[in-house]
Undergrad: 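Quick one: the structure is below, questions incoming.
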Amino acid sequence: MKEVAGMEGNVWLLGAVAWPFLAAFISLFAGKKGERNRDIFASAAMVMEVTGMLCLYPGSGPASFSWAGFCEMGIWLRADGFRWLYSTIAAFMWMMTTLFSMEYFACHGNRGRYCFFSLLTCGATMGVFLSDSLFTLFLFFEIMGLTSFVMVIQEETAAAGRAARTYLAIAVIGGLCALFGIFMIGAGTGNLSMDSLEQFRKATGETWPLYLAGGLLLAGFGAKAGMYPLHVWLPNAHPVAPAPASALLSGILTKTGVFGILVVTVTMFRHDRIWGMVLLAPGAVTMVLGAILAVFFH
């Protein structure tokens, strides 16, 4: 274990999250030398991101990293098989959409802004998938919601403005719900590690505080996943967002919500029949309603 200024573990894991953030600011300077330079750098940065994630393959065991002094709550990251798979797929999709966006935005304005916020959103998304504490998960989840808002409003049309405002409102409401649930878990267990989810279940038993905290987290993550009835942002945001951003919204960003729901389900509510029915109802409505609206949409 390496330890530098309160940091412990595999620093390459920190790099997988920090590199897209750093690349976003470098892209601003690269853009001053020419848009072509910026586009090439952004594409190269994402190729490096995918390569870095492949190097973190947890064949010999999961990689972990902690920075206990960050904001008093710490940054805790882990790349086990589940998290590594999610984050590697996300990095690959970001690489492909970044390569595609070079031609897509050839005749569009504000190309530098899109590149900047796309890279920021990538870093936040990697932080969500690699998080190993509730504070880390919430921190990057909120950063992702704010930076991806700019990707939705990129075209600056009236429709894009309305869709972006709805997207931001749902993101804020969902984030607050998740935060209240995290507060309940922190108060009940005294820590915000991923293990605190299971500890909270043991401390409360199958009583209303358990299901209230779970319901708040479900609302927070379900809002990002496009789960009924918090799905209203999704059909408005996709048509108005640029094609590369729309691909990321549907292919990756909604999956961060699914990731959060999975984490809560397998830790707090494993083999819980009541929770299973709670998930089944909105999940079935989302699936059926989405199919019906798609059929009749003109």
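Basis for what follows: all heavy atoms, side chains included, without hydrogens, waters or symmetry-related copies.
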Undergrad: Look at the side chain of S27 and the backbone N and O of A24, then say whether any donor-acceptor pair between them is shorter than 3.5 Å.
TA: yes
Undergrad: For K255 and A90, indicate whether the former's side chain and the latter's backbone hold a donor-acceptor pair under 3.5 Å.
TA: no
Undergrad: Does S101 reach the main-chain N or O of T98 with its side chain, forming a donor-acceptor pair under 3.5 Å?
TA: yes
Undergrad: Treat each ILVMFWY residue as a node, draw an edge where side-chain heavy atoms are under 4.5 Å apart, and state whether W76 and F135 are in one component.
TA: no
Undergrad: So W275 and F269, would you call those rings parallel, tilted or perpendicular, with 30° and 60° as cut-offs?
TA: parallel
Undergrad: Apply side chain to side chain donor-acceptor pair (under 3.5 Å) to W94 and S118, showing your working.
TA: CA-CA 9 Å; W94 233 283; S118 175; 3.0 Å; yes
Undergrad: Tell me, which pairs form a side-chain hydrogen bond (donor to acceptor under 3.5 Å, both in side chains) where one or both residues lie in residues 37-54, sequence neighbours left out?
TA: D39-R111
Undergrad: Could you walk me through whether F259 and F221 pass the ring-ring contact (aromatic ring centres under 6.0 Å, His included) test, one step at a time?
TA: CA-CA 8 Å; F259 173 80; F221 295 126; 8.3 Å; no
Undergrad: Please check this pair: side chain of T97 against backbone of M93, looking for a donor-acceptor N/O pair closer than 3.5 Å.
TA: yes
Undergrad: Short question: side chain of T207, backbone of T204 - any donor-acceptor pair under 3.5 Å?
TA: yes
Undergrad: Look at the side chain of W84 and the backbone N and O of P62, then say whether any donor-acceptor pair between them is shorter than 3.5 Å.
TA: no
Undergrad: Please report, to 0.1 Å, the donor-acceptor pairs under 3.5 Å made by any side chain of residues 167-189, with sequence neighbours excluded.
TA:
{"residue": "Y167", "atom": "OH", "partner": "S148", "partner atom": "OG", "Å": "2.4"}
{"residue": "Y167", "atom": "OH", "partner": "K224", "partner atom": "NZ", "Å": "3.0"}
{"residue": "T189", "atom": "OG1", "partner": "I185", "partner atom": "O", "Å": "2.8"}
{"residue": "T189", "atom": "OG1", "partner": "N191", "partner atom": "N", "Å": "3.4"}
{"residue": "T189", "atom": "OG1", "partner": "N191", "partner atom": "O", "Å": "3.0"}

Undergrad: Within the 4.5 Å heavy-atom criterion, are Y114 and P244 side-chain neighbours or not?
TA: yes
Undergrad: Are there more than 12 heavy atoms of other residues, nucleotides or ligands under 6.0 Å from atom CZ of F92?
TA: no
